[in-house]
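All remarks here apply to the structure that follows.
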Amino acid sequence: MAGTMMHLYSVVPVSDRAVALPWFEIFFGRPADEVMGEEWLWQIGESGWIVIDDRPVRADGVGRLQLTLGVTGLDDILARLTANDIKHEPVETYGNGVRHVVVLDPDGNSLSLAESPANS
């Protein structure tokens with residue numbers, strides 16, 4: 001019998017949890033949903049998780065992550081980020097109507113936000 005993949009955990013390697021946690025709380029608009037040992041997790045949708053980890057085992061990956069999150073309410077999210085001095089690149093609108101923007105965390109990890117025209 002073949003196995004089925006059920007959940008996605010994407011690890012964001014950070015250099016300093018004390019700096020990263022407040023930033024990610026603003027980015028997601030809430031504190032972490034769970035803490036497991038030294039990992040802080042935000043649930044995305046029904047079965048996706050973004051994990052913040054500053055352990056030495058992750059040090060080589062700091063600043064290298066590229067992740068895109070599908071969102072609704074992109075303008076509201078960007079307003080929250082701007083109100084908290086989190087900068088983002090200009091919003092691009094693709095030919096299919098998807099609006100996309102890149103946001104860099106304090107370590108330079110790229111967390112893109114994308115909103116389809118049906119969700120704007």
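Numbering of residues begins at 1 and proceeds along the displayed sequence.
No single ILVMFWY cluster, assembled from side-chain heavy atoms under 4.5 Å apart, contains both Val91 and Leu104. Criterion: ILVMFWY side-chain heavy atoms under 4.5 Å apart, direct or through other members. Under it, Ile77 and Val102 are not part of a common hydrophobic cluster. Neither Leu111 nor Val62 shares a network with the other; the hydrophobic side chains, linked directly or stepwise wherever heavy atoms of I, L, V, M, F, W or Y lie under 4.5 Å apart, form separate groups for each. In the hydrophobic clustering of this structure, Val71 does not group with Leu8; members are Ile, Leu, Val, Met, Phe, Trp, Tyr whose side-chain heavy atoms approach within less than 4.5 Å, directly or through other members.
With sequence neighbours left out, the salt bridge (Lys or Arg N to Asp or Glu O under 4.0 Å) criterion links Asp75 to Arg99. Applying the salt bridge (Lys or Arg N to Asp or Glu O under 4.0 Å) criterion to Arg17, with sequence neighbours excluded, gives Glu38, Asp54. Residues that satisfy the salt bridge (Lys or Arg N to Asp or Glu O under 4.0 Å) test with Arg55, not counting sequence neighbours, are Glu39, Asp53. Scanning for salt bridge (Lys or Arg N to Asp or Glu O under 4.0 Å) contacts around Asp16 gives an empty result, with sequence neighbours left out. Remark: His100 engages Tyr94 in a ring pair (Phe, Tyr, Trp, His ring centres under 6.0 Å) (not counting sequence neighbours).
From Phe27, atom CZ reaches atom CD1 of Ile86 across 8.5 Å, with rounding to the nearest 0.5 Å. Taken from CG in Asp33 to CD1 in Ile44, the straight-line distance is 8.0 Å, to the nearest 0.5 Å. Here the CD1-OG1 distance, from Ile26 to Thr82, works out to 11.5 Å after rounding to the nearest 0.5 Å. The CG atom of Leu69 sits 8.5 Å away from atom OG of Ser112, with the distance rounded to the nearest 0.5 Å.
Two residues are said to be in side-chain contact when any heavy atoms from C-beta on lie closer than 4.5 Å; Val14 and Trp23 fail this criterion. Counting heavy atoms from C-beta outward, Trp42 and Glu34 have side chains that stay 4.5 Å or more apart. Between Asp107 and Val19 the shortest side-chain heavy-atom distance does not fall below 4.5 Å.
Not a single donor-acceptor pair under 3.5 Å links the side chain of Glu89 to the backbone N or O of Val103. Judged by distance alone, with hydrogens and angles left aside, the side-chain atoms of Arg64 form a donor-acceptor pair with the main-chain N or O of Asp60 at under 3.5 Å. Between the Trp40 side chain and the Pro31 main chain, no donor and acceptor come within less than 3.5 Å of each other. Judged by distance alone, the side chain of Glu115 and the main-chain N or O of Leu74 form a donor-acceptor pair under 3.5 Å. Using modelled atom types, no side-chain atom of Glu25 and backbone atom of Phe28 make a donor-acceptor pair closer than 3.5 Å.
More than 12 heavy atoms of other shown residues, nucleotides or ligands fall within 6.0 angstrom of atom CG in Asn96.
Through direct or relayed side-chain contacts under 4.5 Å between Ile, Leu, Val, Met, Phe, Trp and Tyr, Trp49 connects to Tyr9, Val11, Met36, Leu41, Val51.
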Apply the test side chain to side chain contact (heavy atoms under 4.5 Å, CB included) to residues Ser10 and Leu65: give CA-CA distance (whole Å), side-chain angles for both, the deciding distance (0.1 Å), then the verdict. CA-CA 9 Å; Ser10 182; Leu65 177 84; 4.2 Å; yes
Is there a side chain to side chain contact (heavy atoms under 4.5 Å, CB included) between Arg58 and Val12? Walk through the geometry before answering. CA-CA 9 Å; Arg58 305 280 189 210; Val12 181; over 6 Å; no
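Minimum heavy-atom separation, Ile52 to Ala20: CG2-CB, 4.2 Å. Across all their heavy atoms, Ala18 and Pro22 have their closest contact at O-CD, 3.2 Å. For the pair Thr68 and Ala114, the tightest heavy-atom approach, listed with the atom from each and the gap, is CG2-CB, 4.0 Å. Heavy-atom minimum distance, Asn109 versus Gly63: OD1-N, 3.0 Å.
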